[in-house]
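One structure is given below, encoded as structure tokens.
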Amino acid sequence: MTLILGLETSCDETAASVVRDGRYVISNVVATQHDLHERYRGVVPEIASRAHLQNINPVIHEALEQAGVTLHDLDAIAVGHRPGLIGSLLVGVSAAKTLAWSAGKPLIGVDHVQAHLHAATMIATPPGTTQDTDKDPGPLDFPALGLVVSGGHSSIYQMRSATDLTLIGSTIDDAVGEAYDKAAVILNVGYPGGPKLDKLAQQGNPGSHDLPRSMLGKDSLDFSFSGLKTAVLYTVRGHPKGRGAAAKFERSIDDLTEQQVADIAAAFQAAAVDAVTAKLKRAIKHMAEGGAAPKSLVIGGGVSANSLLRTRVAQLGEQLDIAVRIPAFAYCLDNAAMIAGLAHVHHESGNFADLDLPAIASGSV
Ligand code: KG4
Ligand code: ZN
């Protein structure tokens, strides 16, 4: 049995989790900072790092306490060390190094994006609960096709294993979560934008507006969402006269009824999800033609919590007869269970970090 404590501080969630054998989540503590960033309608990096500093120790204590373990019971300390906001990452990386050094435990550095793709294998198993083997999602079957859709990524990976990934498609402008967040600002639905827009879209008519689904080239596996975002802006406010800050629009969001706003939200959601599923279909074909037909289709990242995307990906798997792996809601958004989970794979292969493990803002696999 291997017990790993994972830490996650790459953006605006301070999280710690204890995971057994890479998949059984014994505790999963997440302190969100939504109230601190709400008035800015987006994450302010400086505020995020300061809040991580305040939250990190209590969150670690709680994760250990809920799991009923002490530092000495652990086999390793893992931390998401790339990619993310540098000031935020540094808090988690420094905390993990301090714990590893003081408790004499190995340190493991985990890639946040790879961890999002491990999240679909995780199952809650808090102390005192018996393991529900019927609900156990089991490990991934490789080769797999991985899709990470979050605030920072819209990326498609060919996966030979949990840590051996090749990027085969990515966004050329906004990430899909970013497009959700920006559309949510235009539609004035509140913060955090993605989940609120998702909820509102369920009350609207997706056929009310024909918004663009950017496909790029015929064989392209890349995404583009900036045209969709602009289309939402023009649908809400009409076409502008003039440019930049001096542009005058025909109307404002306040001129629309609640139903009209819900209709635009639904049309946006339909276009965004269509674009994602169209690229997944192409990517599956691409892998099959390259002689590595995927045995599973796995998604992860904040937008994998989206109601329509979950349904559509499940349908795609059924149509193409590929096992679909979607994380439980608790493991879609940023969390430390996925970090401690993937760290198990590194632990098994003896892939430990030194105390000079860097925090790396950009780049991933
Ligand atoms: O993975 P995550 O917590 O952080 C990053 O690594 O970026 O993803 C956050 C993103 C945000 O853009 C948020 O708006 C989006 O995930 N999101 C959603 C939903 N829940 C979260 N987007 C669409 N529908 C949702 N239900
Ligand atoms: Zn993330």
Side-chain angles (χ1 to χ4, degrees), residues 6-15 17 28 30-34 37-38 41-43 45 48 52 79-85 88-89 92 110-120 146-155 170-171 174-187 189-202 204 223 225 228-229 232 265-266 268-277 299-313 326-339 341-342 361-365:
L7 306 183
E8 156 62 36
T9 62
S10 68
C11 188
D12 61 338
E13 326 280 0
T14 318
S17 166
N28 183 29
V30 183
T32 62
Q33 304 175 4
H34 289 163
H37 302 286
E38 183 163 17
R41 297 198 285 187
V43 176
H52 282 307
V79 60
H81 76 116
R82 66 168 191 191
L85 301 171
S88 292
L89 286 168
V110 174
D111 182 290
H112 179 91
V113 176
Q114 290 183 5
H116 269 307
L117 289 171
H118 184 78
L147 169 76
V148 178
V149 272
S150 70
H153 293 87
S154 299
S155 307
S170 59
T171 183
D174 292 348
V176 61
E178 196 179 350
Y180 261 90
D181 294 335
K182 289 176 177 168
V185 170
I186 298 169
L187 293 169
V189 300
Y191 184 85
K196 295 222 162 136
L197 205 159
D198 181 10
K199 215 163 166 203
L200 182 66
Q202 291 168 39
F223 299 102
F225 291 104
L228 174 58
K229 183 186 65 190
V232 170
F268 166 83
Q269 175 138 296
V273 172
D274 270 357
V276 173
T277 47
I299 67 172
V303 187
S304 62
N306 184 266
S307 57
L308 184 63
L309 184 66
R310 293 171 83 90
T311 311
R312 294 284 298 280
V313 169
I326 301 176
F329 282 111
Y331 314 123
C332 289
L333 290 151
D334 287 348
N335 65 88
M338 65 184 193
I339 302 290
L342 185 58
S362 62
S364 196
V365 280

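What's counted below: heavy atoms across the whole structure, side chains too, no hydrogens, waters or symmetry copies. By convention here, the first residue in the shown sequence is residue 1. All ligand and atom numbering here is 1-based and tracks the order in the structure.
Distance check: Thr14 OG1 to Asp334 CG gives 10.5 Å after rounding to the nearest 0.5 Å. Distance CD/Glu8 to CG/Asn335: 7.5 Å, rounded to 0.5 Å. Considering CG of Leu333 and CG of Asp12, their distance stands at 9.5 Å, rounded to 0.5 Å. How far NE2 of His34 is from OH of Tyr191: 5.5 Å, rounded to the nearest 0.5 Å. The CG atom of Asn306 sits 11.0 Å away from the CZ atom of Arg312 when rounded to the nearest 0.5 Å.
For ligand 1, the atoms closer than 4.0 angstrom to any heavy atom of Gly152 are 7 (O). Counting the atoms of ligand 1 from 1 in the order shown, those under 4.0 Å from a heavy atom of His116 are 1 (O), 6 (O). Listed by number with element, the atoms of ligand 1 under 4.0 Å from a non-hydrogen atom of His112 are 6 (O). Those atoms of ligand 1 with a heavy atom of Ala305 less than 4.0 angstrom away are 26 (N). Of all atoms in ligand 1, numbered sequentially from 1 with element shown, those under 4.0 Å from a heavy atom of Asp198 are 24 (N), 25 (C), 26 (N). Applying the 4.0 Å criterion to heavy atoms of Leu333 picks out, from ligand 1, the atoms 3 (O), 21 (C).
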### Task
Might you work through the side-chain contact (heavy atoms from CB on, under 4.5 Å) test for Leu117 and Val148, ending with a clear yes or no?
CA-CA 7 Å; Leu117 289 171; Val148 178; 3.5 Å; yes
### Task
Go through the steps to decide whether Val43 and Cys11 satisfy the test side-chain contact (heavy atoms from CB on, under 4.5 Å), and finish with yes or no.
CA-CA 8 Å; Val43 176; Cys11 188; 4.3 Å; yes
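Among protein heavy atoms, the minimum distance from atom 3 (O) of ligand 1 is reached at Asp334 N, 3.0 Å. Regarding atom 11 (C) of ligand 1, its nearest protein heavy-atom neighbour is Asp181 OD2, 3.5 Å. From the protein, the heavy atom lying nearest to atom 15 (C) of ligand 1 is Val303 CG2, 3.9 Å. Here the protein heavy atom with the shortest distance to atom 23 (C) of ligand 1 is Asn306 ND2, 3.5 Å.
Looking at residues two or more places apart in sequence or on another chain, you find a side chain to side chain contact (heavy atoms under 4.5 Å, CB included) between Ala265 and Leu187, Leu197, Leu200, Ala201. Listed by chain and residue number, Val110, Met338, Ile339, Leu342 satisfy the side chain to side chain contact (heavy atoms under 4.5 Å, CB included) test with Ala115 (two or more places apart in sequence, or in another chain). When the side chain to side chain contact (heavy atoms under 4.5 Å, CB included) test is applied to Pro327, the partners found at least two apart in sequence or on another chain are Ala119, Ala120, Ile299, Ser304, Tyr331, Cys332.
For the Zn ion (ligand 2), the set of protein N/O/S atoms nearer than 2.8 Å consists of His112 NE2, His116 NE2, Asp334 OD1, ordered by chain and number.
Using a 30° and 60° split on the angle between ring planes, His116 and His112 fall in the perpendicular class, above 60°.
A ring-centre distance under 6.0 Å is found for Tyr180 and Phe268.
At a cut-off of 3.5 Å, with distance as the only test, a side-chain donor of Asp198 or Gln269 sits close to an acceptor on the other residue.
Residue contact check for ligand 1: Pro192 places no non-hydrogen atom closer than 4.0 Å to it.
Remark: among candidates Gly151, Gly177, Ser304, the nearest residue to atom 10 (C) of ligand 1 is Gly151, based on non-hydrogen atoms. Across the listed options Gly302, Ser307, Gly194, Gly302 owns the non-hydrogen atom lying nearest to atom 8 (O) of ligand 1.
Among the atoms of Tyr180, none of the N or O lies under 3.5 angstrom from an N or O of ligand 1.
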